[in-house]
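To start, the structure under review is shown below, and the notes come after it.
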Amino acid sequence: MAQPASGLILVDKPAGWTSHDVVARIRKVAGTRKVGHAGTLDPMATGMLVIGFNKATRLLTYIVDTTKTYRATIRLGHNTTTDDADGEIIQTRYANAVTTNDITSAVTGLIGTIQQVPSAVSAIKIGGKRAYQRVRDGETVDIPAREVTVHRFDLEDIRRANDGKTIDIDVEVECTAGTYIRALARDLGETLNTGGYLTALRRTAVGPYHIEDAVTIDELADNFVYTDLSTAISRLFPIRTISQNEAQDLIHGRRIAASERNDLLAATLQNGQVIALITNAERNDTIEAKPEIVFATLKHLTGEPS
């Protein structure tokens, strides 16, 4: 089967797979080595992994920075080495005395712009080396706090174990890129003086892309479905419709008349073909729109959207 030139694939990642595992499978299915993803998911986690192949890999840097939405289950009463269920329990502080009001108040304190210390076993590079690799090598890892924003932290269900010693909390979190849900679980547990870790995590949205539109690895093997490049770009950026002459200028790296707005725009022909991403820039005291990334070639100008 002839594969499309470029596009995004919305994958519902299964538990136990790394993001790299998914990329490796897509390379086989798509028949190309040029494949990447827009934001790692831990092996334990399931859900939305946005994959780009060929020219669409150039979009991934923009998708990585979009808002993410997760559904998760947090268990109060223990700490683990990894802040999730893949780690070993290293401390127990039973949650018998924690009330629903306590939980609600603690969750509220984690909404908004906060300083968050990522998990020691995260993929963040410390001195050029992944934090999790330093931990595996027996090193002590000290990751500085960084600013993240939690837009929503919704409590959906609170369940006490039969013995009352642990509490499971189902939540939905909408947050900025770089927010660690494992760290939210840990910090919630510390606020309540019980410890806390993730027992389940599912990413349900990445920017404008939602899990309802994703396919499983098995489904993808049977039917190679994707979001074509022009459609993907039009969902990410505001559209500016351009003429054929303007398209030719952009393809050759030349500037065109300034846009009415200053943010990054998708320069698109009337037929929906995305030519380039453009932004206003000053040159010789004149504001013009310059191409940031060019996706089309001259032979595409008379063709259908790719």
Side-chain angles (χ1 to χ4, degrees), residues 18-19 37-45 47 60-93 95 98 102-155 167 169 171-203 205-207:
T18 66
S19 300
H37 63 77
T40 301
L41 271 179
D42 292 333
M44 185 195 83
L60 298 179
T61 186
Y62 301 103
I63 300 172
V64 165
D65 290 333
T66 58
T67 298
K68 313 295 192 302
T69 304
Y70 299 87
R71 300 181 72 89
T73 300
I74 300 169
R75 178 162 295 168
L76 301 177
H78 303 291
N79 291 100
T80 73
T81 53
T82 59
D83 299 327
D84 64 20
D86 283 346
E88 298 178 0
I89 292 175
I90 55 175
Q91 187 177 23
T92 295
R93 289 172 285 169
V98 174
D102 292 334
I103 295 171
T104 301
S105 177
V107 165
T108 300
L110 291 171
I111 298 173
T113 300
I114 61 174
Q115 293 293 318
Q116 183 184 75
V117 178
S119 170
V121 293
S122 67
I124 291 174
K125 285 188 176 180
I126 305 294
K129 187 176 178 181
R130 300 288 185 188
Y132 64 76
Q133 188 60 55
R134 290 187 177 275
V135 171
R136 290 173 184 170
D137 292 343
E139 301 177 33
T140 299
V141 176
D142 184 17
I143 303 177
R146 56 185 185 173
E147 186 175 278
V148 299
T149 300
V150 177
H151 300 294
R152 289 190 299 111
F153 196 159
D154 297 337
L155 285 169
I167 299 174
I169 307 171
V171 300
E172 184 173 64
V173 178
E174 182 181 349
C175 54
T176 54
T179 306
Y180 281 82
I181 310 303
R182 282 184 294 167
L184 286 180
R186 177 202 65 207
D187 293 345
L188 179 65
E190 291 308 306
T191 300
L192 294 167
N193 198 31
T194 63
Y197 68 100
L198 285 184
T199 62
L201 180 65
R202 180 166 177 78
R203 188 157 65 193
V206 175

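- In this view, Asp42 and Arg182 satisfy the side chain to side chain donor-acceptor pair (under 3.5 Å) rule, not counting sequence neighbours.
- Considering only heavy atoms from C-beta on, Ile167 comes within 4.5 Å of Ile103 through its side chain.
- With sequence neighbours excluded, the residues satisfying side chain to side chain contact (heavy atoms under 4.5 Å, CB included) with Thr194 are Leu76, Ala95, Val98, Leu192.
- With sequence neighbours left out, Arg75 forms a salt bridge (Lys or Arg N to Asp or Glu O under 4.0 Å) with Asp168.
- In this structure, the salt bridge (Lys or Arg N to Asp or Glu O under 4.0 Å) partners of Asp154, at least two apart in sequence or on a different chain, are Arg152.
- Of the possible donor and acceptor atoms, none in the side chain of Ser19 sits under 3.5 Å from a partner among the backbone N and O of Thr40.
- At distances below 3.5 Å, not a single donor-acceptor pair connects side-chain atoms of Thr81 with backbone N or O atoms of Gly87.
- A search for side chain to side chain contact (heavy atoms under 4.5 Å, CB included) contacts involving Arg71 returns Glu156, Glu172, Thr204, not counting sequence neighbours.
- Thr199 is linked by a side chain to side chain donor-acceptor pair (under 3.5 Å) to nothing, counting only residues two or more places apart in sequence or in another chain.
- Take Thr73 and apply the side chain to side chain donor-acceptor pair (under 3.5 Å) test, not counting sequence neighbours, and it matches Asp170.
- A 4.5 Å side-chain heavy-atom check between Asn79 and Arg93 finds at least one atom pair inside the cut-off.
- Scored by the side chain to side chain contact (heavy atoms under 4.5 Å, CB included) test, Thr18 finds His20, Asp21, Pro43 as partners (sequence neighbours excluded).
- Closest approach of Ala72 to Leu201, counting heavy atoms only: CB-CD1, 3.8 Å.
- With contacts defined as side-chain heavy-atom distances shorter than 4.5 Å, the pair Thr176/His151 qualifies.
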In a table with atom names and distances, give each donor-acceptor pair under 3.5 Å that connects a side chain of residues 105-117 to protein atoms at least two apart or in another chain.
residue : atom : partner : partner atom : Å
Thr108  : OG1  : Thr104  : O            : 2.9
Thr113  : OG1  : Thr149  : OG1          : 3.1
Gln116  : OE1  : Tyr180  : N            : 2.9
Gln116  : NE2  : Tyr180  : O            : 3.1

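- Judged as a side chain to side chain donor-acceptor pair (under 3.5 Å), and not counting sequence neighbours, Asp65 has no contacts.
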